[in-house]
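Every chain is numbered from 1, with letters handed out A, B, ... down the list of sequences.
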2 protein chains.
Amino acid sequence: MSEAQWDRSRCSVAGALAVVGEKWSLLVLREAFLGVRRFADFQRVLGAPRAVLTDRLNTLVEEGILRRVPYQAQGERQRHEYRLTQKGIDLHPALVALMAWGDRYLAEDGEVPLELRHRDCGEPVHLALVCEAGHELSGARDVRPVPRIPTG
Amino acid sequence: MSEAQWDRSRCSVAGALAVVGEKWSLLVLREAFLGVRRFADFQRVLGAPRAVLTDRLNTLVEEGILRRVPYQAQGERQRHEYRLTQKGIDLHPALVALMAWGDRYLAEDGEVPLELRHRDCGEPVHLALVCEAGHELSGARDVRPVPRIPTG
DNA sequence: CGGGCTGAGTTCGCTTGACGAACCACCCTC
DNA sequence: GAGGGTGGTTCGTCAAGCGAACTCAGCCCG
């Protein structure tokens with residue numbers, strides 16, 4: 001038997017996807033990281049159906065990934081906007097990883113649509129796997145998965 | 001207008017999700033990273049409907065993320081198994097990122113179901129954002145997104 | 001005050017996708 | 001050549017996603 005024995009039912013990947021794996025959820029978060037906060041702006045840039053967008057925003061708020069913040073522009077009635085919580089901000093690496101993969105394999109003529117740079121020094125940024133001892137791993141093959149809760 | 005102007009239609013996140021964003025796709029890949037290769041094993045550990053699993057495996061093969069490899073165990077007929085290509089292996093960071101997030105926010109009683117360790121030194125591994133100048137960024141706020149193809 | 005506009009949803013048919021269960025073909029072992 | 005396991009396909013049902021139309025609250029202009 002080649003695959004490791006462990007309890008898939010509490011897999012963190014499955015859990016994360018149960019929360020943000022529905023259609024549009026991660027794209028909503030992508031826009032949130034780019035500064036989009038208002039319903040109409042999400043709707044316009046994403047092109048998602050309104051009903052779906054309503055549902056995704058509500059779900060993300062319920063899950064504590066976004067929070068509704070009341071605000072009032074001058075000469076307009078009070079509205080609320082959607083902002084990332086820390087829980088939401090912590091999804092950033094997942095989006096960066098997907099973006100990096102898409103940049104590598106889907107970009108046409110090497111034209112990357114969006115580049116991430118270090119705010120302080122301006123240099124391009126990438127994801128790296130590092131261990132507690134400080135080694136930077138070269139790839140997935142340097143990783144050994146260790147089940148902590150075997151099924152028995 | 002707060003959000004940056006850029007061409008969402010070729011966003012790498014959306015592109016990546018169009019390829020691996022369907023239900024079960026990333027879970028299939030999770031198992032592939034853990035060594036699962038055969039249809040029946042995917043079906044058993046995931047519990048996904050057969051028809052869906054067939055479709056996801058075919059899609060992943062078409063997309064070049066998995067490849068079908070014929071093999072023959074002794075005393076058995078020839079079968080084929082599904083193995084990760086380099087394109088598939090490069091999705092590893094995305095799964096690690098989702099797993100890390102799930103570990104942090106969804107694990108009950110701090111029990112993390114699966115731990116990743118450096119194969120060489122045995123130390124736990126985590127994802128980090130680093131820039132070309134070698135700085136390790138502390139979080140999403142240290143990142144500045146730079147659109148490369150403005151919509152005009 | 002009356003009517004229009006706008007942002008934020010909600011409702012409605014329709015179509016697509018996911019689901020579990022049953023069915024099927026191949027080829028091996030006995 | 002009977003039985004069984006692998007690797008699917010087919011089928012009917014049910015949930016989800018879809019675009020378009022409708023709603024509603026509040027501000028603005030006249």
Are there over 12 heavy-atom neighbours, none belonging to A:Arg104, within less than 6.0 Å of that residue's CZ? no
Rounded to whole angstrom units, what separation is found between the CG atom of B:Leu53 and the P atom of D:dT6? 14 Å
Could I get the full list of ring pair (Phe, Tyr, Trp, His ring centres under 6.0 Å) partners for A:Tyr82, not counting sequence neighbours? A:His80
Nearest whole angstrom, please: distance from the C1' of D:dG8 to the CG of B:Asp41. 15 Å
Surrounding CD of B:Gln86 (heavy atoms of other residues, nucleotides or ligands, distance under 6.0 Å), is the total greater than 12? yes
Side-chain donor-acceptor pairs under 3.5 Å in residues 124-133 of chain A, sequence neighbours left out?
none

Footprint string (nucleotides 9-18 of chain C, 5' to 3'): B base within contact, S backbone only, - free, heavy atoms under 4.0 Å: BBB------S
Looking at A:Asp90 and A:Lys87, is there a salt bridge between them, counting it only when a charged N and a carboxylate O are closer than 4.0 Å? no
Starting at CD of A:Glu81, measure out to CZ of A:Arg67 and round the result to the nearest 0.5 Å. 9.0 Å
Without decimals, in angstroms, what is the distance between A:Arg44 CZ and C:dA8 C1'? 15 Å
How long is the line joining CG of A:Leu27 and C1' of D:dG17, in whole Å? 14 Å
